[in-house]
Visitor: 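Provided herewith is a single structure, encoded as structure tokens, for subsequent inquiry.
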Number of protein chains: 2
Amino acid sequence: MSRTIPEATVGRLPLYLRVLVDLAEAGGGTVSSEELAVAAGVNSAKVRKDLSYLGSYGTRGVGYDVAYLIHQIRRELGLTQHWGIVIVGVGNLGQALANYRGFAERGFQVAALIDDDPEKVGRSVGGLAVRALHELPGIVREAEVAIGVIATPASAAQDVADHMVAAGIRSILNFAPAVVTVPEGVTIRKVDLAVELQILAYYEQRKAALADVRRRGKAVAEAGPPATSRS
Amino acid sequence: MSRTIPEATVGRLPLYLRVLVDLAEAGGGTVSSEELAVAAGVNSAKVRKDLSYLGSYGTRGVGYDVAYLIHQIRRELGLTQHWGIVIVGVGNLGQALANYRGFAERGFQVAALIDDDPEKVGRSVGGLAVRALHELPGIVREAEVAIGVIATPASAAQDVADHMVAAGIRSILNFAPAVVTVPEGVTIRKVDLAVELQILAYYEQRKAALADVRRRGKAVAEAGPPATSRS
DNA sequence: TGGTGTGAAACTTTTCACAGCT
DNA sequence: AGCTGTGAAAAGTTTCACACCA
């Protein structure tokens with residue numbers, strides 16, 4: 001029944017969902033694409049196009065019923081069920097993820113924490129005992145873990161991913177700054193904290209360069225003939 | 001001089017850079033677009049197109065000089081200078097970011113940690129004393145902070161962003177699950193950990209649904225006439 | 001010979017603009 | 001009268017395929 005949803009749209013549905021949940025708490029019965037767009041920081045045509053991939057859930061002249069739309073997005077994203085996740089790597093980041101409230105709120109339950117450092121195994125983090133990597137297959141089976149999170153140093157990432165795949169995990173979120181390859185049929189996404197900073201640095205540098213050109217332009221204008229080029 | 005680089009390319013340059021640095025450590029003098037593509041997990045035409053935006057730094061029949069390419073990408077991304085960053089919000093995530101080695105390795109120095117909880121102010125985290133939010137303008141001026149990182153709960157994010165902008169910060173990385181608006185001229189990027197899991201859940205659910213259809217199809221095939229549709 | 005650099009084609013995503021429903 | 005749903009245009013991105021050059 002459900003047609004394929006473009007990747008770009010899938011990436012925005014969680015955003016709309018968060019905004020809608022906030023709206024629902026504020027008691028909004030219906031919302032227009034324009035209101036939703038402003039709250040999500042995108043434009044309204046995009047909102048309407050995105051939501052149209054889910055079906056025709058709006059009412060012309062009125063808008064979208066907030067509660068109903070929340071339900072439809074949840075269903076489409078597969079959030080009407082709970083998901084078990086396992087975090088491998090209990091360093092600073094792994095611990096922060098283990099304690100992150102936002103996962104549980106959205107239906108993701110940390111079923112286990114794993115680290116191969118014998119020093120860490122057995123310790124309790126966020127109410128969960130840290131376990132060894134070789135226990136992964138059993139954990140995946142018993143706790144029905146669907147998603148694996150890699151929070152190890154880069155050097156361990158590929159090995160951990162291989163263990164995850166062998167244990168039956170088919171969706172992986174990789175926080176390690178390393179390229180990890182997985183077989184066909186396994187989905188992997190990566191989040192690299194330093195990459196985001198580097199992208200910001202690029203645009204920041206451009207702004208500085210631009211300001212510099214303007215300053216020079218102004219200095220020229222003050223000192224001699226006005227610049228003609230506008231570029 | 002330097003033409004504008006497409007956003008998609010800017011997003012991949014840090015990835016190439018990481019791979020190239022690894023290659024340089026392994027002693028590689030030159031690298032072909034194909035080798036780089038494999039190591040970065042993309043295709044070689046994309047690598048060549050991306051690198052062509054920086055200029056013609058390759059040699060036909062040979063490839064790219066690893067050290068030279070590293071230098072050019074660093075220069076283009078603005079990584080030849082050091083960047084001061086300030087992290088606001090010293091919860092689990094803020095602490096993990098403060099201790100993250102990957103930032104310093106790439107030229108980002110955490111100049112200050114800020115939290116408005118009086119309990120936390122004055123405490124030392126990762127060798128840095130936590131300071132109060134009202135100190136931000138002075139910190140930005142003295143330490144020449146260019147980038148602000150928001151690691152607070154969603155409810156505080158907009159307020160923190162406003163303080164950052166007022167203090168003169170023009171590039172912000174937001175980890176809080178909230179839409180934050182900033183004035184023209186300020187760049188903001190967001191990383192939402194739960195969003196990534198939701199996207200994975202969507203594709204995982206699709207795979208499950210597909211497997212289900214196949215299973216039914218097989219059952220039908222075993223029980224009666226073979227299915228004709230392939231789709 | 002081998003691999004870059006790049007027009008052109010294919011595909012994806014965004015935006016426009018308006019018919020059509022409530 | 002107002003807002004959705006959507007074709008069609010525009011913009012951006014990826015991939016192809018090959019001329020060109022070390």
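Quick caveat, the model's predicted, so the values are computed rather than measured. So that the names make sense, note that chain A is the first sequence line, chain B the second, and so on, each numbered from 1.
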Visitor: Of the options D:dC3, D:dT13, D:dA22, whose atoms approach the side-chain atoms of B:Ala8 most closely?
Guide: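 Within the option list, the nearest is D:dT13.
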Visitor: Which whole-number value in Å describes the distance from A:Leu51 CG to D:dG5 P?
Guide: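 Atom-to-atom, A:Leu51 to D:dG5, this comes out as 8 Å.
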Visitor: Nearest whole Å is fine: how far is C:dA9 C1' from B:Lys49 NZ?
Guide: 11 Å
Visitor: Kindly indicate, with the supporting measurements, whether the criterion ring pair (Phe, Tyr, Trp, His ring centres under 6.0 Å) is fulfilled by B:Tyr57 and B:Tyr64.
Guide: CA-CA 7 Å; B:Tyr57 297 139; B:Tyr64 303 86; 8.8 Å; no
Visitor: Counting only heavy atoms not in B:Gln109 (residues, nucleotides, ligands), do more than 12 fall under 6.0 Å from its CD?
Guide: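 It does not: B:Gln109 CD has 12 such atoms or fewer within range.
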Visitor: Heavy-atom count around B:Glu7 CD within 6.0 Å, excluding the residue itself: above 12?
Guide: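 It does not: B:Glu7 CD has 12 such atoms or fewer within range.
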Visitor: Are any side-chain N or O atoms of A:Lys207 and backbone N or O atoms of B:Gly185, one a donor and one an acceptor, separated by less than 3.5 Å?
Guide: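 Side chain of A:Lys207 to backbone of B:Gly185, a donor-acceptor pair under 3.5 Å: yes, one is there.
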Visitor: Only counting residues at least two apart or in another chain, list the ones meeting salt bridge (charged side-chain N to carboxylate O under 4.0 Å, His left out) with A:Arg18.
Guide: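 With sequence neighbours excluded, A:Arg18 shows a salt bridge (charged side-chain N to carboxylate O under 4.0 Å, His left out) to B:Asp192, given in chain and number order.
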Visitor: Write down the distance between CG (B:Leu13) and P (D:dT13), rounded to a whole number of angstrom.
Guide: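 These atoms are roughly 13 Å apart.
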Visitor: For a quick check of understanding: with a heavy-atom distance under 4.0 Å over all strands, which category does B:Glu34 fall into, base, sugar-phosphate or nothing?
Guide: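 B:Glu34: no heavy atom of the nucleic acid under 4.0 Å.
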Visitor: Quick one: B:Asp65 CG to C:dG3 C1', roughly how many Å, whole number?
Guide: 15 Å
Visitor: Starting the side chain at C-beta, find the nucleotide from D:dG5, D:dT13, D:dT4 nearest to B:Glu7.
Guide: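 The answer is D:dT13.
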Visitor: Rounding to an integer number of Å, can you tell me how far B:Asn43 CG sits from C:dA10 C1'?
Guide: 14 Å
Visitor: From the set C:dG3, C:dT15, D:dT15, return the single nucleotide nearest to any side-chain atom of B:Lys46.
Guide: D:dT15
Visitor: Expressed as a whole number of angstroms, how long is the span from B:Glu35:CD to C:dG2:P?
Guide: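 After rounding, the gap between these two atoms is 14 Å.
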Visitor: Where each residue is assigned the nucleotide of DNA chain C containing its nearest heavy atom, which of B:Ser33 and A:Val62 is assigned the position nearer the 5′ end?
Guide: B:Ser33
Visitor: Whole-Å distance between C:dT12 C1' and A:Asp50 CG?
Guide: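 So the two atoms are 13 Å apart, to the nearest Å.
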Visitor: Please confirm whether the backbone N or O of B:Ala178 pairs with a side-chain atom of B:Asn174, one donor and one acceptor, at under 3.5 Å?
Guide: yes
Visitor: If we ignore angles and hydrogens, is there a donor and acceptor under 3.5 Å between the side chains of A:Gln95 and A:Asn99?
Guide: no
Visitor: Once you apply a heavy-atom cut-off of 4.0 Å, does B:Tyr57 come out as touching a base, just sugar-phosphate, or nothing?
Guide: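 Since only primed, P, OP1 and OP2 atoms lie under 4.0 Å of B:Tyr57, the category is sugar-phosphate.
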Visitor: Sort me out a list of protein N/O and nucleotides 17-20 of chain C N/O pairs below 3.5 Å, or just none if empty.
Guide:
residue : atom : partner : partner atom : Å
C:dA17  : N6   : A:Arg48 : NH2          : 3.3
C:dG20  : N3   : A:Arg60 : NH1          : 3.2

